[in-house]
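Throughout, residue positions are numbered sequentially from 1 according to the sequence presented. Just the heavy atoms: all of them, side chains too, but no hydrogens, waters or symmetry mates, feed the values below.
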Amino acid sequence: MKRNILTLFFILAGIFTAFAKPDVEVVKGSLAELKSSNAKVYVRWDYSNSTIEDKPVNTYLKEHGDDWVRDYKSEIKRAEDNFRERLDDKSKDVSTVTNEKDADYTIVMKVKNFNYGQTALAVAVGFGAGDAHLYGTMEIYKKGQSKPIAVLNVDGVPGTGYGNEIRRENAYRELAENLAKLIKKAK
């Protein structure tokens with residue numbers, strides 16, 4: 001009986017995965033000019049309209065305690081650094097810089113919502129249950145231009161791990177991997 005249920009679970013998971021919408025997709029413009037460009041990119045994170053689990057950031061943090069409020073900025077910094085390091089590691093087309101003046105392109109990641117997921121589900125079920133998810137819009141601008149060369153929809157990029165901060169870091173890491181793949185496949 002358990003074997004049949006497990007088999008059914010894997011079949012259904014495969015079906016849902018086959019028809020799933022991509023976590024990151026280009027919705028306007030193209031990434032083609034970044035392909036094989038060796039361009040330097042600066043990443044700017046915009047949390048001005050961001051929520052956590054559909055609540056205002058400060059409200060969510062205060063509901064979870066003083067340590068969440070205290071640790072939030074360092075959590076964000078580690079996650080952003082993780083994105084930059086992973087993009088540098090995975091992309092042969094672009095590399096990141098820490099000063100916008102040195103960049104050929106600026107990536108503006110507008111974080112709309114972040115959901116931390118549930119550790120208990122991640123531990124008990126696995127297979128992506130309990131993952132964190134990152135939502136937003138990514139705009140990529142060429143230096144000196146006000147119109148983006150590309151706009152990407154970030155629709156639930158997952159982050160795994162046993163801990164809230166780790167899941168955020170891994171979601172940002174996964175976002176970088178998705179971007180590197182999209183640039184590599186750009187036409």
task: Tell me, with the steps shown, if Val57 and Tyr47 meet side chain to side chain contact (heavy atoms under 4.5 Å, CB included).
output: CA-CA 9 Å; Val57 172; Tyr47 299 95; over 6 Å; no
- request: List the steps, then state whether side chain to side chain donor-acceptor pair (under 3.5 Å) holds for Thr96 with Asp88.
  value: CA-CA 6 Å; Thr96 64; Asp88 285 341; 2.8 Å; yes
Nearest heavy atoms of [X] and [Y], plus distance in Å:
X: Ala176; Y: Arg86; value: CB-CB, 3.8 Å
X: Ala171; Y: Val157; value: O-CG1, 3.4 Å
X: Lys185; Y: Lys35; value: C-NZ, 4.5 Å

Heavy-atom side-chain contact between [X] and [Y] under 4.5 Å:
X: Leu34; Y: Asp93; result: no
X: Ile149; Y: Tyr105; result: yes
X: Val151; Y: Val108; result: no
X: Asn178; Y: Leu152; result: no
X: Met109; Y: Leu175; result: yes
X: Ser95; Y: Val41; result: no
X: Ile52; Y: Leu61; result: yes
X: Tyr172; Y: Leu134; result: yes

Rounded to the nearest 0.5 Å, what separates atom [atom1] in [X] from atom [atom2] in [Y]?
X: Asn153; Y: Lys28; atom1: CG; atom2: NZ; value: 13.5 Å
X: Lys187; Y: Ser30; atom1: NZ; atom2: OG; value: 11.0 Å
X: Asp155; Y: Lys112; atom1: CG; atom2: NZ; value: 9.0 Å
X: Thr59; Y: His64; atom1: OG1; atom2: NE2; value: 11.5 Å
X: Leu182; Y: Met138; atom1: CG; atom2: CE; value: 9.0 Å
X: Leu87; Y: Asp89; atom1: CG; atom2: CG; value: 9.5 Å

field: Criterion side chain to side chain contact (heavy atoms under 4.5 Å, CB included) on Ile140 and Leu179, from CA distance to verdict
entry: CA-CA 11 Å; Ile140 303 175; Leu179 178 59; 4.3 Å; yes
message: Can a donor-acceptor pair be found, under 3.5 Å and without considering hydrogens, that links the side chain of Lys143 to the backbone of Lys101?
response: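 Pair found, side chain donor or acceptor close to backbone of Lys101.
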message: Tell me if a side-chain donor or acceptor on Thr51 pairs with a main-chain N or O of Glu53 at a distance below 3.5 Å.
response: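 A pair under 3.5 Å: no.
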query: Could you give all pairs that pass the ring pair (Phe, Tyr, Trp, His ring centres under 6.0 Å) test and reach residues 139-158, with sequence neighbours left out?
result: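 Applying ring pair (Phe, Tyr, Trp, His ring centres under 6.0 Å) to every pair that reaches into residues 139-158, excluding sequence neighbours, yields nothing.
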- prompt: Tell me, which pairs form a side-chain hydrogen bond (donor to acceptor under 3.5 Å, both in side chains) where one or both residues lie in residues 37-46, sequence neighbours left out?
  reply: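 Applying side-chain hydrogen bond (donor to acceptor under 3.5 Å, both in side chains) to every pair that reaches into residues 37-46, excluding sequence neighbours, yields Arg44-Glu100, Asp46-Ser48.
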Would you please name every residue forming a side-chain hydrogen bond (donor to acceptor under 3.5 Å, both in side chains) with [X], sequence neighbours left out?
X: Asp81; answer: Lys77, Arg84
X: Lys110; answer: Glu139
X: Ser50; answer: none

Are [X] and [Y] connected, step by step, through hydrophobic side chains (Ile, Leu, Val, Met, Phe, Trp, Tyr) whose heavy atoms are closer than 4.5 Å?
X: Val24; Y: Val94; answer: yes
X: Val154; Y: Val111; answer: yes
X: Tyr72; Y: Ile166; answer: no

task: Assess whether salt bridge (Lys or Arg N to Asp or Glu O under 4.0 Å) is satisfied between Glu85 and Arg173, documenting all intermediate values.
output: CA-CA 8 Å; Glu85 290 165 9; Arg173 179 182 182 93; over 6 Å; no
- prompt: Does Lys184 NZ have over 12 foreign heavy atoms under 6.0 Å away?
  reply: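 12 or below, so no.
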field: Sequence neighbours excluded, every pair satisfying salt bridge (Lys or Arg N to Asp or Glu O under 4.0 Å) that has a member inside residues 59-71
entry: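 Of all non-adjacent pairs touching residues 59-71, those that pass salt bridge (Lys or Arg N to Asp or Glu O under 4.0 Å) are Lys55-Glu63.
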Cation over ring face, Arg168 and Phe114, 6.0 Å, 45°: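 Geometry flag: set, cation within 6.0 Å and 45°.
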- prompt: Do Thr160 and Asp131 get their side chains close enough for a donor-acceptor pair, meaning under 3.5 Å?
  reply: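 Not at all, the side chains of Thr160 and Asp131 share no donor-acceptor pair under 3.5 Å.
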- prompt: According to the interplanar angle, ranging from 0 to 90°, do the rings of Tyr116 and Tyr60 count as parallel (below 30°), tilted (30 to 60°) or perpendicular (above 60°)?
  reply: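 Parallel.
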message: Between the side chains of Arg78 and Glu169, is the shortest nitrogen-to-carboxylate-oxygen separation below 4.0 Å, so that they form an ion pair?
response: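 Answer for the salt bridge query: yes.
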